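Single-structure report; data block below.
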Amino acid sequence: MFVFFLAHLLTSTAYAQDLINLKYLDTKNIERQFESIITTPKSPGKKGAVILLHHRGGWKVGTTNQYAELFEKNNIISVEPRMFDTTPDNPLVHLSQLFSTLKYLGKREDVDATKISVIGLSWGASLSIYAGTRWAQEQYGKEAPPIKNIIPLYPTCFFHEDLIKRRPALIERMRGFGFVDGFHETWAKIPITIFTGGLDDYDNRMQEPCKGFIASILDAEQRKVTSEISYPKATHGWDRSEIRDAQTRIEPLGCKMTRCNVTIEYNKEVTNSVKLKILEILEK
């Protein structure tokens, strides 16, 4: 299932990246192919690795390139599945791709299989949180190495909190994708460090917007290893340097699914701080 091949060398960046094809199972349990980009440091020996999950804007806008470069400079392999454009848009599909990537990394001779983490941005952040549930582990993670850390950047935390509290609209939404009821209520005990912004409009500009989500986690052991690092002056998508000026638009999921204007503004100071803290987490 996880046979891959190198397609070609990309030369648009200062560091070497390869396009690879991996296999995943679709919602009908049919094996299909998806593209990923792997960035590999040139130094010899086993290395830690990171699976990068981009935001809803897609991989083409390049927000994740800065993280691939950061990890390459710090001797960490990274792989970014190309979600949305090359496969059907369903979180179950992308969970299958995430765990396929995890299994692929676990088989590489240059990867320390005990040091593979998952980092997600926005939509990808929520996907990374789903990957920490026991249901996802049992559904997709058989024969996969363990995930060392889950590091979500600006997820929609109200969504996760309301799923745990079984808000009917959200249960129906996830049921429509094929998730089982209650999937978000049992956990794999993987450390989760969530980075949030106090000006995130998806969560109504709350300070520490994931505080309620963390408190709602039923499993005391999981709650103990789940934490939040919040930046009071950061909006959603603070690391999107490709957006030159603040961008505001109506979002259906804005203001806790009541539809409102969501502002995204690049914040260099916050972005650099988050990168340093991510490296600290990965080096532990």
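Since the structure is predicted, the reported quantities are computational estimates derived from the model, not experimental observations.
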Does [X] pair with [Y] as a salt bridge, N-O distance under 4.0 Å?
| X | Y | value |
| --- | --- | --- |
| D162 | R167 | yes |
| K142 | E138 | no |
| R32 | D26 | yes |
| E80 | R82 | no |

Inset, instruction - Using a cut-off of 6.0 Å, state whether more than 12 heavy atoms not belonging to Q207 lie near its atom CD. - result: yes

Legend entry - K115, NZ atom: more than 12 neighbouring heavy atoms under 6.0 Å: no

Inset, instruction - Show your working on side chain to side chain donor-acceptor pair (under 3.5 Å) between N75 and S43 and close with a plain yes or no. - result: CA-CA 7 Å; N75 203 36; S43 59; 2.3 Å; yes

Is there a donor-acceptor pair under 3.5 Å between the side chain of [X] and the backbone N or O of [Y]?
| X | Y | result |
| --- | --- | --- |
| T133 | A136 | yes |
| S100 | K23 | yes |
| T101 | V79 | no |
| D203 | M206 | no |
| D112 | T114 | yes |

[Y] side chain reached by [X] side chain, heavy atoms, under 4.5 Å:
| X | Y | value |
| --- | --- | --- |
| P152 | S126 | no |
| Y67 | I76 | no |
| W59 | M83 | no |
| I194 | T226 | yes |
| T40 | R108 | yes |
| I38 | S78 | no |
| T193 | N149 | no |
| F71 | T39 | no |

What's the shortest heavy-atom distance between [X] and [Y], and which atoms?
| X | Y | answer |
| --- | --- | --- |
| P91 | L127 | O-CD1, 3.6 Å |
| I164 | S216 | CG2-O, 3.3 Å |
| T271 | D239 | OG1-CA, 3.3 Å |
| P145 | A113 | CB-O, 3.6 Å |
| C260 | G254 | SG-C, 3.5 Å |
| E161 | F213 | OE1-N, 3.5 Å |

Treat each ILVMFWY residue as a node, draw an edge where side-chain heavy atoms are under 4.5 Å apart, and state whether [X] and [Y] are in one component.
| X | Y | result |
| --- | --- | --- |
| I129 | V50 | no |
| Y130 | M257 | yes |
| W135 | F159 | yes |
| F99 | L53 | yes |

Legend entry - Qualifying salt bridge (charged side-chain N to carboxylate O under 4.0 Å, His left out) pairs, either residue in residues 204-231, two or more places apart: K189-D219, D201-R205

Got a second to check how far [X]'s [atom1] is from [Y]'s [atom2], nearest 0.5 Å?
| X | Y | atom1 | atom2 | answer |
| --- | --- | --- | --- | --- |
| L153 | L52 | CG | CG | 9.5 Å |
| I150 | I192 | CD1 | CD1 | 4.5 Å |
| I151 | L121 | CD1 | CG | 11.0 Å |
| E72 | I77 | CD | CD1 | 10.5 Å |
| L25 | S96 | CG | OG | 5.0 Å |
| Y140 | Q97 | OH | CD | 10.5 Å |

Inset, instruction - Dump the intermediate steps for side chain to side chain contact (heavy atoms under 4.5 Å, CB included) on K256 and Y202, then the final yes or no. - result: CA-CA 6 Å; K256 299 187 176 183; Y202 284 101; over 6 Å; no

Going by atom type alone, with no hydrogens or angles, which donor-acceptor pairs under 3.5 Å involve a side-chain atom of residues 275-284 and a protein atom two or more places apart or on another chain?
from, atom 1, to, atom 2, distance (Å)
K275, NZ, Q66, OE1, 3.0

Inset, instruction - List for me each residue that meets side-chain contact (heavy atoms from CB on, under 4.5 Å) alongside I243, sequence neighbours excluded, and say none if there are none. - result: R240, Q247, I264

Inset, instruction - Quick one: do W238 and Y154 satisfy ring pair (Phe, Tyr, Trp, His ring centres under 6.0 Å)? Show the steps, please. - result: CA-CA 9 Å; W238 64 71; Y154 45 93; 4.8 Å; yes

Inset, instruction - Check whether the ring centres of W123 and F84 lie less than 6.0 Å apart, and answer yes or no. - result: yes

Distance-only donor-acceptor hits, side chain of residues 229-237, under 3.5 Å, sequence neighbours excluded:
from, atom 1, to, atom 2, distance (Å)
S230, OG, T196, OG1, 2.9
Y231, OH, S273, OG, 2.8
T235, OG1, E265, N, 2.9
T235, OG1, E265, O, 3.4
H236, ND1, D200, OD1, 3.4
H236, ND1, D200, OD2, 2.8
H236, NE2, S122, OG, 2.8

All N/O donor-acceptor pairs, side-chain side in residues 169-187, below 3.5 Å, sequence neighbours left out:
from, atom 1, to, atom 2, distance (Å)
E172, OE2, R175, NH1, 2.5
R175, NE, D181, OD1, 3.2
R175, NH2, D181, OD1, 3.3
R175, NH2, D181, OD2, 2.6
H184, NE2, H160, ND1, 2.8
E185, OE1, R166, NH2, 3.3
E185, OE2, R166, NE, 2.6
E185, OE2, R166, NH2, 3.2

Inset, instruction - Check step by step if side chain to side chain contact (heavy atoms under 4.5 Å, CB included) holds for V93 and T27. - result: CA-CA 7 Å; V93 164; T27 54; 4.2 Å; yes

Inset, instruction - List in chain and number order the residues that pass side chain to side chain donor-acceptor pair (under 3.5 Å) with S36, two or more places apart in sequence or in another chain; answer none if no residue qualifies. - result: none

Inset, instruction - Give the C-alpha distance, both sets of side-chain angles, the deciding distance and a yes or no for side chain to side chain contact (heavy atoms under 4.5 Å, CB included) between H55 and T63. - result: CA-CA 8 Å; H55 52 64; T63 310; 2.7 Å; yes

